[in-house]
Protein chains: 2
Amino acid sequence: MASETGAVRVALLGCGTVGTEVVRLITEQADELAARVGARIELAGVAVRRPHRHPWLTENFPDLVTTDAGELVTRDDVDVVVEVIGGIEPVRGWLLEALKSGRSVVTANKALLAEDGPTLAEAADASGADLYYEAAVAGAIPLLRPLRESLAGDRITRVAGIVNGTSNFILSAMSSGGTSYVDALEEATRLGYAEADPSADVDGYDAASKAAILASLAFHTRFTASDVHREGMREVSASDVAAARRLGCTIKLLAICERVTDADGAESVSARVYPAMVPDSHPLAGVDGAFNAVFVEAEAAGQLMFYGQGAGGAPTASAVLGDLVAVARNRVGGGRGPRESAYASLPVRPIGEVPTRYHVDLEVADREGVLATIASEFARNGVSIAAVRQTGGVNGSVDRADGSDRSQARLTVVTHSAPEAALSATVSALLDLDHVLGVAGVLRVEGLGRAVSALGMGE
Amino acid sequence: MASETGAVRVALLGCGTVGTEVVRLITEQADELAARVGARIELAGVAVRRPHRHPWLTENFPDLVTTDAGELVTRDDVDVVVEVIGGIEPVRGWLLEALKSGRSVVTANKALLAEDGPTLAEAADASGADLYYEAAVAGAIPLLRPLRESLAGDRITRVAGIVNGTSNFILSAMSSGGTSYVDALEEATRLGYAEADPSADVDGYDAASKAAILASLAFHTRFTASDVHREGMREVSASDVAAARRLGCTIKLLAICERVTDADGAESVSARVYPAMVPDSHPLAGVDGAFNAVFVEAEAAGQLMFYGQGAGGAPTASAVLGDLVAVARNRVGGGRGPRESAYASLPVRPIGEVPTRYHVDLEVADREGVLATIASEFARNGVSIAAVRQTGGVNGSVDRADGSDRSQARLTVVTHSAPEAALSATVSALLDLDHVLGVAGVLRVEGLGRAVSALGMGE
């Protein structure tokens, strides 16, 4: 498969921010890369849909440019396919073709991996090709290789962190500047952090894809994005941010993957993405802007934290190049990297059965006995209250639909750990109470388990 | 080489805290490890010098125990040698024998690697065996594999952090409790963090070994411990800790490896270990107790941080097992892992030419003009002063050797970045001044370069 010159020949699919950096690094560092690999890494071609949109590429590498990605990926002089286009189709077909024909694939495509990773992995296994995708999760941060290799002799119990830089940038802006979601999103778009359609980032799809990939590697079971419970951050209001601040917390969009063991010893995996309050003293609370940070907990290793730039052209290209060097070394050595390990087949734990702590903000009628009524509703649904605070009271009044005019107060409840189903039932029941005028906000509070206690913040 | 049963057979050398955990993990997780490797990992033998000191081992695995490590490492039924004894001799001979005969080696032996790593690497290359040693630096933290593989397509510019848990524990105790070095060391010894002879930890030998390993991987050049400038932390006094606190800093024993580029483009590497003041707002300042944390900076990736437990039986065993799984997978797949890459051959930059900022505490005569005299001495030696503070003055007096009795003040100087040679010359010159009664302390102040500015702490 290797070219006649002994070089490892690369087909690059896509040449946006990341692809441009990949071209630059491969060409500018050619000698260093050759020394590290034991063979030169050469570009065989770069496929782009509209060449006129890539003046730097077409001026500097006119001979490499093609619009026919399908032809490029199985060309005789191609050993490795690097894909930085993104999205499911038509990329899936190209990568499958490459893998089936024994060409190794390096990709940053989290959406495709989270939707159809198993098919790609099986194609790679069948032909003995490598499938590497460090850049798909947390940009430049070496995270997948540590999970797949460094911790391969340990039992991982939890992977949790901030894996979407765009939503983190928006939440940081809302938190530090008191900005509204809409204004913060506008700023993120202006600075190029958010795309024209921000849904993948702010609705948690991107983080859910990454959670599926992380859970698959951590728990040796193939999960897809549909196995991940997903709540986005569009609903987070300036009032939620203020409420978090009063509690000494910061709101972060978290991806959490954990191994859950029942009383009878049965294991399952909970993978979920949602905005949650994190205590300010927790290291994740201080991860601002476009940075990512991920905690990994394993039985023997204890807690580990990884921190760095989660997106951007150069950081993502760094991860792509690391994989490319690995794949090229394998090719030169005649071997391949470790296969996907998916022997465990652990089931997904339904979100209703996953316990977390909650922060519930209620608008209530300022009447005697309201706290007792509400507290007993929490108790009836099996949700234990950790703390309650009442504010407002005599200030403010509200016109109700029935024309009555009553004084209003705000009741803030922080619960102990409770299953999502119990909390949902509690909120429904509360809304039926005459005393409760509305639920202003419900947010999870994540202490992040053992990580927290070891960092001096025990629940 | 693989045994008749298809299993990968392991000779374990040493069975202390780490070795015991390795035995436990290999036996208790046997089925999971087999699923991940594609073959069973079996213990072929465990070599210990005095079996009666290992009752757990001899009771549970009487057939595995041997006192003849030399015979064990090349026994026909051994594929991989795992070494957790430590020290140079007699371990070096055993590991060289194993590697020469094509057996792969997993070791946690930082001292041996830092003294004679190149010889081991060459033996591994010659026979096509693997040499893995993730556990040698920063315990459970996946750090060497990321440097060697994940960042293999990037240019690393700096690796800096806390890599010795014992000295960090002692410094944390001195800092939080106002404890003296002697008391803090006693506490560390009582808790099992420090050994009877603490020299390797407190004199920086352990950190220097790790710095040599980190620099070798980061800069593709073989460095040994003798290439690392080393200053221990025995001299750090309670008064230094108090001085750091007044400056909003914490004292940490740092290992720093960096690529330095001259004006003419020539590159060299500075590797050094010393106690230094770190601003409290820097993440390294908050790394307490036996934890380790390392910053890595690379041109494309930007900054990365790795954090976790740097020592202890289970965390170190986790790293050993990760390597063992990798080596076993390579054996099953018929390949080997990436070779040591040492093509760059960068020279070592002498410590005298390495610029850092300094904190200098001077006892001076409380006389008019003393500040001007001292400032001009700094200037004469090419050291630029960033800030000066004078305290004391009318309080206190001192009997001098010449019998005079003069009022004494303390002058605290923080310099801009200056080469070590210039600072040393300044201090010598200051001591010759009549105005200067003594130098109470000289400590480096590490802002940790780009890491700092990106974290909002620019110099």
Side-chain angles (χ1 to χ4, degrees), chain A residues 21 25-26 29 32-33 35-38 134 139-147 149-155 220 283 286 288 293 296 298-309 312-315 317-326 329-330 333-336 338-339 341 343-344, chain B residues 21 25-26 29 32-33 35-38 134 139-143 145-147 149-155 220 283 286 293 296 298-309 312-315 317-326 329-330 333-339 341 343-344 456:
Chain A
E21 283 297 315
L25 290 171
I26 287 179
Q29 300 189 142
E32 290 214 51
L33 293 175
R36 292 175 200 175
V37 169
E134 181 67 73
I141 307 173
L143 182 59
L144 304 192
R145 186 171 276 107
L147 288 179
E149 301 183 39
S150 308
L151 291 164
D154 206 335
R155 271 171 65 86
H220 305 275
D288 279 332
V296 177
E299 287 184 359
Q303 314 156 51
L304 305 165
M305 182 174 141
F306 301 80
Y307 170 89
Q309 294 186 66
S318 170
V320 167
L321 263 281
D323 279 354
L324 179 56
V325 166
R329 279 172 174 167
N330 290 345
R336 67 179 292 228
R339 286 156 181 263
S341 152
Y343 63 87
Chain B
E21 284 297 315
L25 290 171
I26 288 179
Q29 300 190 142
E32 291 213 52
L33 293 175
R36 293 176 199 172
V37 169
E134 179 68 73
I141 308 173
L143 181 60
R145 187 172 273 104
L147 288 179
E149 301 184 38
S150 308
L151 292 163
D154 207 335
R155 270 171 67 86
H220 305 276
V296 177
E299 286 184 1
Q303 314 158 50
L304 305 165
M305 180 175 143
F306 301 80
Y307 170 88
Q309 294 186 64
S318 170
V320 168
L321 263 282
D323 278 355
L324 179 55
V325 166
R329 279 173 174 165
N330 289 345
R336 66 177 295 225
R339 284 157 183 263
S341 152
Y343 63 86

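Note that this is a predicted model, so its numbers are computed, not measured. Proteins get letters first, then strands, A, B, ... in listed order; numbering begins at 1 in each.
- Contact count versus chain B (heavy atoms, under 4.5 Å) is highest, among A:P142, A:A344, A:G334, for A:P142.
- Considering only heavy-atom pairs separated by less than 4.5 Å from chain B, the leading option among A:P146, A:A301, A:S341 is A:A301.
- Both the backbone and the side chain of B:S318 have a heavy atom closer than 4.5 Å to some heavy atom of chain A.
- Of all heavy-atom pairs spanning B:G302 and A:Q309, the tightest one is CA-NE2, 3.6 Å.
- No side-chain heavy atom of B:Y307 sits under 4.5 Å from any side-chain heavy atom of A:Y307.
- Qualifying side-chain hydrogen bond (donor to acceptor under 3.5 Å, both in side chains) partners for B:R336, counting only residues two or more places apart in sequence or in other chains: B:D125.
- Heavy atoms closer than 4.5 Å to chain A are found in both the backbone and the side chain of B:A35.
- Contacts of B:E21 with chain A are absent, with no heavy-atom separation under 4.5 Å from either backbone or side chain.
- In terms of heavy-atom pairs under 4.5 angstrom with chain A, the leader among B:L25, B:N330, B:V325 is B:V325.
- Only the side chain of B:Y343 has a heavy atom closer than 4.5 Å to any heavy atom of chain A.
- One finds the CZ atom of A:R155 at 11.0 Å from the CG atom of B:L33 (value rounded to the nearest 0.5 Å).
- The nearest pair of heavy atoms linking A:L304 to B:I141 is CD2-CA, 3.8 Å.
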Evaluation steps, side-chain contact (heavy atoms from CB on, under 4.5 Å), between B:D154 and A:L321: CA-CA 7 Å; B:D154 207 335; A:L321 263 281; over 6 Å; no

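- In terms of heavy-atom pairs under 4.5 angstrom with chain B, the leader among A:G308, A:G333, A:G335, A:G322 is A:G322.
- Distance alone, capped at 3.5 Å, is enough to place a donor-acceptor pair between the B:Q29 side chain and the A:G153 backbone.
- Interface residue A:S150: backbone and side-chain heavy atoms are both found under 4.5 Å from chain B.
- Judged purely by atom type and a 3.5 angstrom limit, B:R36 uses its side chain to pair as donor or acceptor with the backbone of A:A152.
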